[in-house]
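Letters A, B, ... are given to chains in the order of the sequence lines, protein chains preceding strands, and every chain is numbered from 1.
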There are 2 protein chains.
Amino acid sequence: MSLPHAILTALLEKPSSGLELTRRFDRSIGYFWQATHQQIYRELGKLEQAGHIRVLPSPQPTRGQRKEYEVLPAGREELASWVDRREEPRAVRDPLLLRLRAAAATGGGADLDEELRRHLLLHREQLAAYREIERRDFPPERRISREDRLRHVVLRGGIELESFWITWLSDTLSELSGGPGGPDGVRPDATADGA
Amino acid sequence: MSLPHAILTALLEKPSSGLELTRRFDRSIGYFWQATHQQIYRELGKLEQAGHIRVLPSPQPTRGQRKEYEVLPAGREELASWVDRREEPRAVRDPLLLRLRAAAATGGGADLDEELRRHLLLHREQLAAYREIERRDFPPERRISREDRLRHVVLRGGIELESFWITWLSDTLSELSGGPGGPDGVRPDATADGA
DNA sequence: CTGTCCATGTAAGCGGTTACATGATTTT
DNA sequence: AAAATCATGTAACCGCTTACATGGACAG
């Protein structure tokens with residue numbers, strides 16, 4: 001039950017139309033939550049009906065025309081109460097880990113190295129993108145409000161998660177290529193991480 | 001589309017009944033994939049209908065009685081082909097990160113520290129549990145087959161993910177308590193990680 | 001024979017994904 | 001006028017979650 005809260009957060013940061021929200025979910029918000037435009041439009045309808053948001057009257061919403069939403073007090077209160085709620089940590093559910101275990105069970109997966117290297121590359125690119133955001137939005141000398149700190153630690157979470165994957169994938173490639181059934185020695189590109 | 005493959009993997013490792021599978025999903029398999037008994041029974045039905053698994057005739061399956069399943073060659077082939085397939089890395093979708101961002105947007109979340117500390121504790125417990133498994137199942141002197149290595153790197157993934165959370169939560173607690181709006185100085189229990 | 005546990009299911013609802021539809025605006 | 005793009009939707013499907021139902025085995 002987090003999508004409505006993600007949308008409320010995004011609208012609090014800046015009132016937007018559905019398509020603008022979609023683009024923001026593809027960018028900064030997408031670092032920790034994804035949503036397609038279909039999800040977003042459906043949820044905007046629900047939130048409006050619940051009295052949590054409203055359509056701004058200014059851009060005169062006719063059919064097929066852009067509708068800009070803003071958060072109402074009730075929506076802000078709902079979001080604030082959700083922030084203070086207890087929630088259990090989300091359990092891991094990762095298909096790649098499962099596939100390695102499946103490879104162990106079938107005895108197959110001879111070409112897994114290639115897939116692991118492909119993922120390694122993707123995570124390195126993602127990490128570079130996050131670091132660029134960090135450089136741009138959180139320069140070290142900046143005066144730091146509590147809000148900026150919160151946003152920064154969230155980004156740090158994304159950065160460190162990507163770093164985890166890069167380290168783990170590199171170690172896994174070494175581990176799997178190091179023994180019988182693979183070429184001996186450690187692959188040079190598997191140990192140099194993207195930092 | 002990973003649940004059927006998780007079940008095939010589990011059944012390859014050891015033929016089981018639905019309830020036994022449920023328990024195994026609460027334990028070792030649950031480190032990277034979760035499923036409730038309802039999901040499992042439904043999926044067992046589908047897999048049987050698809051000719052990927054079958055009921056063992058030995059425990060004489062009558063109504064309300066235990067039914068033990070095993071993987072058929074077609075199921076093994078399906079699993080093997082899935083292992084070799086390409087799949088994009090799963091994107092992050094974590095409510096806790098979202099809640100921090102929401103706290104930045106509302107300006108609230110004064111009690112977030114408590115929730116972060118609670119998560120920190122839970123992750124430390126999980127990490128300890130994984131380390132215990134590692135100690136028991138993967139002693140250092142062991143002869144290592146490719147299969148053992150695969151299972152070990154999967155467990156290492158779980159261990160390192162928990163370590164990531166512990167580090168990030170500790171850093172975040174320091175960061176948020178260190179400045180204006182919180183007590184000055186770094187909390188001693190926030191920097192000592194559970195390793 | 002009653003309650004409890006074991007084991008297998010059914011049903012309803014929700015969130016996420018994919019594909020398709022439609023009106024308005026801008027470009028060529 | 002046609003094509004491309006912007007913007008807002010609808011519909012169908014699938015997986016996951018929660019709650020409830022049913023039947024057999026066993027203990028008191």
Q: Identify, between B:S17 and B:R42, the residue whose nearest nucleotide on DNA chain C lies closer to the 5' end.
A: B:S17
Q: Rounded to the nearest Å, what distance is computed from the NZ atom of residue B:K67 to the P atom of nucleotide D:dG24?
A: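 In whole Å, D:dG24 P lies 14 Å from B:K67 NZ.
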Q: OP1 or OP2 of C:dG16 versus the side-chain N and O atoms of A:Q39: is any pair under 4.0 Å?
A: yes
Q: Figure out the OH/C1' separation between A:Y69 and D:dA7, and round it to whole Å.
A: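 That distance rounds to 11 Å.
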Q: Hey, does the side chain of A:Q38 come within less than 4.0 Å of C:dA19's phosphate (OP1/OP2), counting only N and O?
A: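 Checking C:dA19 against A:Q38, no side-chain N or O comes under 4.0 Å of OP1 or OP2.
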Q: Select base, sugar-phosphate, or nothing to describe what A:Q34 touches, counting heavy atoms under 4.0 Å on all strands.
A: nothing
Q: I need the NE2-P distance between A:H37 and D:dG9, as an integer number of Å.
A: 10 Å
Q: Starting from the 5' end of DNA chain C, give me the residue, A:W33 or B:E20, whose nearest nucleotide shows up first.
A: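 Mapping each residue to its closest nucleotide by heavy atoms, the 5'-most match is B:E20.
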Q: Please report the distance, rounded to the nearest Å, between CD in A:E87 and C1' in D:dT17.
A: 14 Å
Q: Is it true that B:E175 and A:R156 make a salt bridge, defined as a side-chain N closer than 4.0 Å to a carboxylate O?
A: no
Q: Calculate the interatomic distance between B:H5 atom NE2 and D:dG15 atom P; express it in whole Å.
A: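 After rounding, the reported distance stands at 11 Å.
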Q: Please classify the nucleic acid contact of A:E43 as base, sugar-phosphate, or nothing, using heavy-atom distances under 4.0 Å.
A: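 Here A:E43 touches no strand at all.
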Q: Would you mind reading off the distance between B:L47 atom CG and D:dG15 atom P, rounded to a whole angstrom?
A: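 It works out to 11 Å between those atoms.
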Q: Flag the pair B:E87 and A:R118 as a salt bridge only when some basic side-chain nitrogen lies within less than 4.0 angstrom of an acidic carboxylate oxygen.
A: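 Salt bridge absent between B:E87 and A:R118.
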Q: Is the number of heavy atoms from other residues, nucleotides or ligands under 6.0 Å of B:R86 CZ greater than 12?
A: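 Counting neighbours around CZ of B:R86, 12 or fewer heavy atoms of other residues, nucleotides or ligands fall under 6.0 Å, so no.
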Q: Is any side-chain N of the basic residue among B:E20 and B:R23 closer than 4.0 Å to the acidic one's carboxylate O?
A: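 Not counted as a salt bridge, because no side-chain N and carboxylate O are separated by less than 4.0 Å.
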Q: Think B:K46 has a side-chain N or O under 4.0 angstrom from the OP1 or OP2 of D:dC14?
A: no
Q: Among D:dT8, D:dA25, C:dG9, which nucleotide has an atom closest to any side-chain atom of A:Y41?
A: D:dT8
Q: Let me know the distance between CD1 of B:I40 and C1' of D:dT18, rounded to the nearest Å.
A: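 So the two atoms are 16 Å apart, to the nearest Å.
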Q: Side-chain donor or acceptor of B:R66 under 3.5 Å from a matching atom on the base of D:dG24?
A: no
Q: On the 0 to 90° scale, with breaks at 30° and 60°, tag the A:H119-A:H123 ring pair as parallel, tilted or perpendicular.
A: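 Plane angle between 30° and 60°, so tilted.
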Q: In terms of side-chain heavy atoms of B:L19, which of D:dC6, D:dA25, C:dC6 is nearest?
A: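 Looking only at heavy atoms from C-beta outward on B:L19, the closest nucleotide is C:dC6.
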Q: By nearest atom, which of the nucleotides D:dG9, D:dA25, C:dG16 is closest to the A:L3 side chain?
A: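 Taking heavy atoms from C-beta onward, the closest nucleotide is C:dG16.
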Q: The side chain of A:R93 is closest to which nucleotide in this list: D:dT8, C:dG9, D:dT17?
A: D:dT17
Q: To the nearest angstrom, how far is A:R90 atom CZ from D:dC16 atom C1'?
A: 11 Å
